[in-house]
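Have a look at the structure below before the remarks.
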Protein chains: 2
Amino acid sequence: MSQTVDRALSILPLLAEGPADLGQVADRLGVHKSTALRLLRTLHEHGLVYRQSDQRYRLGARLFALAQEAVENLDVREIAHPHLVRLNEQCGHTVHLAVYEENEVLYIDKVESRYPVRMYSRIGKPVAITVAAVAKLLLADLPEAERRVLAEKLDYPMYTARSIPNAPAFLKELATVREQGWATDLGGHEESINCVAAPIRGADGRVAAAMSVSAPNVVVTADELLTLLPLVRRTADAISRDYSGKPPKDPS
Amino acid sequence: MSQTVDRALSILPLLAEGPADLGQVADRLGVHKSTALRLLRTLHEHGLVYRQSDQRYRLGARLFALAQEAVENLDVREIAHPHLVRLNEQCGHTVHLAVYEENEVLYIDKVESRYPVRMYSRIGKPVAITVAAVAKLLLADLPEAERRVLAEKLDYPMYTARSIPNAPAFLKELATVREQGWATDLGGHEESINCVAAPIRGADGRVAAAMSVSAPNVVVTADELLTLLPLVRRTADAISRDYSGKPPKDPS
DNA sequence: CTGGTGTATTGCGCTATGTGCAACGGTCAT
DNA sequence: ATGACCGTTGCACATAGCGCAATACACCAG
């Protein structure tokens with residue numbers, strides 16, 4: 001609601017697409033160059049924007065540092081991390097932790113598998129929301145109304161033949177997940193990768209985060225992976241207990 | 001230079017420390033609550049700030065997504081990545097890529113070692129600038145004057161007994177590094193971890209990025225790690241060639 | 001249910017602050 | 001040299017952001 005700040009912040013996603021010079025920024029903002037200059041300068045002073053040698057602007061280092069710090073300060077993450085590591089030691093597969101926020105699901109922690117198969121996911125990266133097992137758990141817990149609205153708004157890209165194709169199918173899947181209290185993604189995102197996921201609940205019983213174990217077909221079949229379900233659920237429950245026990249303290 | 005934007009942006013590092021409520025934000029900004037509210041609202045609309053269930057504010061998801069996107073669009077990173085992966089396959093150790101920007105050095109890519117020893121470093125995380133091998137390379141290439149000024153401004157935390165203790169020692173080390181064209185960190189950051197690093201140069205001959213191989217003592221001794229130096233330098237040179245060949249294109 | 005304290009939120013009048021303009025300066029290529 | 005292009009500066013005007021004070025809301029105690 002503050003025009004100046006609004007304009008300044010609009011520059012960030014614009015630069016995320018790639019470097020741009022003053023003129024381009026001013027045009028896309030629909031403001032005079034001198035205005036754009038002042039905004040960019042302010043962003044620059046705060047380190048959010050960097051001016052490279054060819055004078056063009058791109059996003060700056062402090063942005064990464066901020067994101068980094070923020071993610072490390074998330075209380076769920078802090079509490080969950082040791083559990084995730086232990087789980088990884090037990091099963092050897094990649095372990096993810098994700099949260100829902102403002103129509104997006106994103107990874108906030110990851111423990112890499114021990115075998116040399118790399119999955120492309122990264123902390124801070126938005127999750128494929130219509131297929132990922134963790135996303136199903138997080139969305140399944142939203143209030144009915146919100147869930148419906150969101151489901152309608154989403155895109156349903158067909159990553160594979162087994163991707164969830166549309167809103168009704170998605171809502172149906174969410175209902176199932178909600179009922180059973182766990183979720184899977186069997187090749188819905190990448191043909192050869194399967195996941196099992198379980199919810200982490202806060203003191204109020206609502207789902208605060210979700211965790212999953214992922215492994216490619218070449219290492220374990222989907223059925224084998226499913227045998228890990230009890231272990232995954234036990235881990236998630238343990239985290240839930242820790243998390244509910246220590247409600248967000250800040251003794252500042 | 002724009003007061004409003006300046007204030008709004010000052011909120012971000014403040015929230016990076018942890019969640020805060022309206023009053024706290026207003027106090028620390030030194031503005032009226034109504035002002036703080038308007039700023040926070042604007043930040044919220046852009047997804048940079050999230051309002052959690054207890055009404056307190058913390059940094060939001062879009063921040064991570066932006067940082068993510070920005071890092072992925074860095075041209076050096078894109079060009080270097082396959083080389084880093086190949087190097088990792090050849091030697092098995094952790095490989096890092098870092099750049100210098102505005103008095104900070106930060107990791108922009110990482111390929112994990114294959115053995116189960118985890119180093120704590122993360123993409124986007126500021127590097128221990130006075131000891132890391134990659135930092136030495138990046139700073140050694142700065143213009144004399146800038147280097148001196150920076151060296152004076154820095155802190156020199158003694159992570160270990162072998163950490164570089166003060167500005168003169170650091171400048172001396174930088175001179176050596178500059179001369180020889182590569183750098184090491186032998187237990188200067190963590191007692192048991194050694195690194196060898198080499199510079200990546202742009203078309204203008206200046207150091208654009210630096211890469212390193214890191215391994216703990218328990219896996220290879222420092223001497224053994226040093227035998228990898230030629231390989232590391234060859235990889236860095238190959239990246240330099242690719243990178244100079246394709247100057248920052250954007251066919252937009 | 002009532003009174004009280006701690007919040008967040010709203011509306012408003014004042015002036016500081018951000019705005020666009022137009023003129024300047026520097027760089028590159030022809 | 002000359003012109004085109006982009007970034008930068010100073011300025012006068014009016015908008016847009018500011019703090020104040022009053023209101024609304026939630027939580028707790030009596």
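So that the names make sense, note that chain A is the first sequence line, chain B the second, and so on, each numbered from 1.
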Q.
Please tell me if A:R7 has a side-chain N or O lying less than 4.0 Å from either OP1 or OP2 of C:dT19.
A. yes

Q. Once you round it to whole Å, what is the distance between C1' of D:dC6 and CZ of A:R51?
A. 10 Å

Q | Atom-to-atom span, CG of B:L22 to P of D:dA26 - whole angstrom | A | 16 Å

Q.
Which is more 5' along DNA chain D, the nucleotide nearest A:V5 or the one nearest A:H32? Just name the residue.
A. A:H32

Q: Kindly point out which of C:dT9, D:dC18, D:dG7 is positioned nearest to the side chain of A:K33?
A: D:dG7

**Q.** Among C:dG20, D:dG19, D:dT8, the one nearest B:V31 by side-chain distance
**A.** D:dG19

Q) Of the nucleotides C:dT9, C:dT17, D:dC20, which has the atom closest to the B:Q3 side chain? A) C:dT17

Q: Start with the C-alpha gap between A:V127 and A:H96, add the side-chain angles, then the distance that decides, and say whether side-chain contact (heavy atoms from CB on, under 4.5 Å) holds.
A: CA-CA 11 Å; A:V127 176; A:H96 279 115; over 6 Å; no

Q | Whether A:D141 side chain and A:R206 backbone form a donor-acceptor pair below 3.5 Å | A | no

(Q) With a 4.0 Å cutoff (strictly under), does any side-chain N or O of A:T35 reach OP1 or OP2 of C:dG18? (A) no

**Q.** Interatomic distance, B:Q55 CD vs C:dG6 C1' [rounded to whole Å]
**A.** 12 Å

Q) Atom CG of B:D54 to atom C1' of D:dC27: distance rounded to whole Å? A) 14 Å

Q: Check every atom of C:dG20, C:dT19, C:dA8 against the side chain of A:T4 and return the nucleotide holding the closest atom.
A: C:dT19

Q) Are any non-hydrogen side-chain atoms of A:V85 and A:L87 less than 4.5 angstrom apart? A) no

Q. Rounded to whole angstrom units, what separation is found between the CG atom of B:D21 and the C1' atom of D:dC25?
A. 15 Å

**Q.** Rounded interatomic separation in angstrom, taking CG from B:L37 and P from D:dC18
**A.** 12 Å

Q. Rounded to whole angstrom units, what separation is found between the CE atom of B:M1 and the P atom of D:dT9?
A. 9 Å

Q) Quick one: is B:R38 getting a side-chain N or O under 4.0 Å of the D:dG17 phosphate, OP1 or OP2? A) no

Q: Looking only at side-chain atoms of A:L39, point me to the closest of C:dA8, C:dT9, C:dT19.
A: C:dT19

Q. Side chains of A:Y107 and A:L97: does their closest heavy-atom pair fall under 4.5 Å?
A. no

(Q) Please confirm whether the shortest side-chain N or O distance from A:R41 to OP1 or OP2 of D:dT9 is below 4.0 Å. (A) yes

Q) CZ of B:R56 versus C1' of C:dT7: gap in Å, rounded? A) 14 Å

Q. Taking only N and O in the side chain of A:S34, is any of them less than 4.0 Å away from OP1 or OP2 of C:dG20?
A. no

Q: Measure the CZ-CD distance between B:R147 and B:E152 for me, rounded to the nearest 0.5 Å.
A: 13.0 Å

